[in-house]
Amino acid sequence: QWVYNILEKKAEADRIVHENSDPSNGFVLVPDLKWNQNQLDDLYLIALVHRRDVKSLRDLTAEHLPLLRNVLQEGKEAIVKRFGVPGSQLRIYLHYQPSYHHLHVHFTALGYDAPGSSVERAHLLADVIDNLAMDSMYYQKRALTFPLRADEPLFKKFQEAGKV
């Protein structure tokens, strides 16, 4: 619900760094709550897409390329304009598995070791775009490795199924 509150400007409207209001290809860029916005070493923003039918990386097809390209280009432009950090100094990625099921993209300072930015969980947006341009159904077909903590419900389901 908090994602929808941000998208509908019922919450955190004053924190919006950038918005593209297009319902299909638009998004809102906001500072992540983990970032205090005082220093750029740990810069961390989140792009929340306006579309509600895309929950995670697994839902993406070539149809979503205009959306993903908008997020990549406009997100980088907004960050350099507001914070002076060029795109070459950003890590831009999606999580799989995501912590919440509404498509969102992470923008972090390249030197910041953000939680979940490691290769097992983070999928670079530029790579996602390239993969979908090659094969529209890439993320429906591809086996995706991801880490799970021992206390996560999904890990327990894998244990119960004898997969761990």
Side-chain angles (χ1 to χ4, degrees), residues 1-60 63-132 139 144 146-149 151-154:
Q1 184 60 50
W2 69 270
V3 170
Y4 300 142
N5 288 343
I6 292 170
L7 292 173
E8 296 166 8
K9 297 189 187 70
K10 293 178 182 174
E12 301 187 44
D14 58 325
R15 293 172 35 93
I16 294 174
V17 171
H18 175 77
E19 180 173 18
N20 176 324
S21 58
D22 183 274
S24 294
N25 300 320
F27 65 98
V28 171
L29 184 66
V30 294
D32 188 274
L33 296 173
K34 292 183 274 304
W35 182 40
N36 65 18
Q37 300 182 59
N38 290 336
Q39 67 281 336
L40 298 178
D41 291 346
D42 59 353
L43 176 137
Y44 198 148
L45 294 101
I46 301 285
L48 303 165
V49 303
H50 281 297
R51 292 181 66 149
R52 297 184 183 204
D53 62 332
V54 187
K55 303 298 183 194
S56 79
L57 189 62
R58 286 284 189 204
D59 295 327
L60 294 173
E63 172 210 341
H64 303 105
L65 285 171
L67 167 65
L68 299 173
R69 288 178 176 133
N70 272 356
V71 170
L72 181 62
Q73 187 61 38
E74 291 181 25
K76 289 193 298 189
E77 289 171 1
I79 290 170
V80 76
K81 184 176 178 182
R82 173 72 75 88
F83 303 106
V85 178
S88 62
Q89 296 301 305
L90 296 172
R91 180 179 291 117
I92 306 166
Y93 57 93
L94 296 87
H95 281 149
Y96 190 79
Q97 294 272 335
S99 53
Y100 52 95
H101 286 87
H102 179 96
L103 189 71
H104 58 284
V105 178
H106 302 258
F107 288 76
T108 62
L110 196 55
Y112 177 47
D113 187 22
S117 64
S118 61
V119 71
E120 302 87 27
R121 186 147 182 238
H123 297 263
L124 296 176
L125 181 55
D127 291 345
V128 170
I129 290 169
D130 286 347
N131 290 337
L132 291 171
Y139 290 100
L144 296 171
F146 56 91
L148 289 172
R149 291 186 316 272
D151 63 343
E152 290 185 67
L154 187 55

Contacts satisfying salt bridge (charged side-chain N to carboxylate O under 4.0 Å, His left out) that involve residues 22-32 (not counting sequence neighbours) are D32-K34

Closest non-hydrogen atom pair, R58 against Y139 = NH1-O, 2.6 Å

Do L103 and D59 have side-chain heavy atoms sitting under 4.5 Å apart?
-> no

Looking only at non-hydrogen atoms, find the nearest pair between A47 and L29 and report the distance.
-> N-CD1, 3.9 Å

Here the pair of heavy atoms bringing N38 nearest to N36 is N-OD1, 2.8 Å

Could you list all the ring-ring contact (aromatic ring centres under 6.0 Å, His included) pairs where at least one residue sits in residues 11-30, not counting sequence neighbours?
-> H18-F27

Closest non-hydrogen atom pair between Y44 and I46, with its separation | CE2-CD1, 3.6 Å

CG (L57) and CG (N131) are apart, to the nearest 0.5 Å, by 9.0 Å

Atom pair OG1 (T108) and CG (L90), whose distance is rounded to the nearest 0.5 Å | 7.5 Å

Heavy-atom side-chain contact between K9 and V28 under 4.5 Å = no

Test side chain to side chain contact (heavy atoms under 4.5 Å, CB included) applied to R15 and I6, step by step = CA-CA 9 Å; R15 293 172 35 93; I6 292 170; over 6 Å; no

Does any non-hydrogen side-chain atom of V49 lie less than 4.5 Å from one of H64?
-> no

When rounded to the nearest 0.5 angstrom, what distance separates CG in D130 from CG in L125?
-> 9.5 Å

Heavy-atom nearest pair, A109 first then R91, reads O-NH1, 4.2 Å

Please assess L110 against V85 for the test side chain to side chain contact (heavy atoms under 4.5 Å, CB included), listing each intermediate value before the final yes or no.
-> CA-CA 10 Å; L110 196 55; V85 178; over 6 Å; no

Measure up the Y93 and H95 rings against each other and bin them: parallel (under 30°), tilted (30 to 60°), perpendicular (over 60°).
-> tilted

If every non-hydrogen atom of Y100 is compared with every non-hydrogen atom of V3, which pair is closest and at what distance?
-> CE1-CG2, 3.7 Å

Name the orientation class of the two ring planes belonging to W35 and F83 (parallel below 30°, tilted from 30 to 60°, perpendicular beyond 60°).
-> perpendicular

May I have the step-by-step check of side chain to side chain contact (heavy atoms under 4.5 Å, CB included) for I92 and L72, ending in yes or no?
-> CA-CA 8 Å; I92 306 166; L72 181 62; 3.7 Å; yes

Determine which pairs satisfy salt bridge (charged side-chain N to carboxylate O under 4.0 Å, His left out) with at least one residue from residues 35-57, sequence neighbours left out, and list them in order.
-> E8-R52, R51-D53, R51-E63

L60 CG to L132 CG distance, which is reported to the nearest 0.5 Å = 6.0 Å

Residue of the set H101, H106, H102 for which ring pair (Phe, Tyr, Trp, His ring centres under 6.0 Å) holds with H104 = H106

Kindly determine whether N25 and E74 satisfy side chain to side chain contact (heavy atoms under 4.5 Å, CB included), including the steps that lead there.
-> CA-CA 11 Å; N25 300 320; E74 291 181 25; over 6 Å; no

If you round to the nearest 0.5 Å, how far is CZ of R82 from CG of L45?
-> 9.0 Å

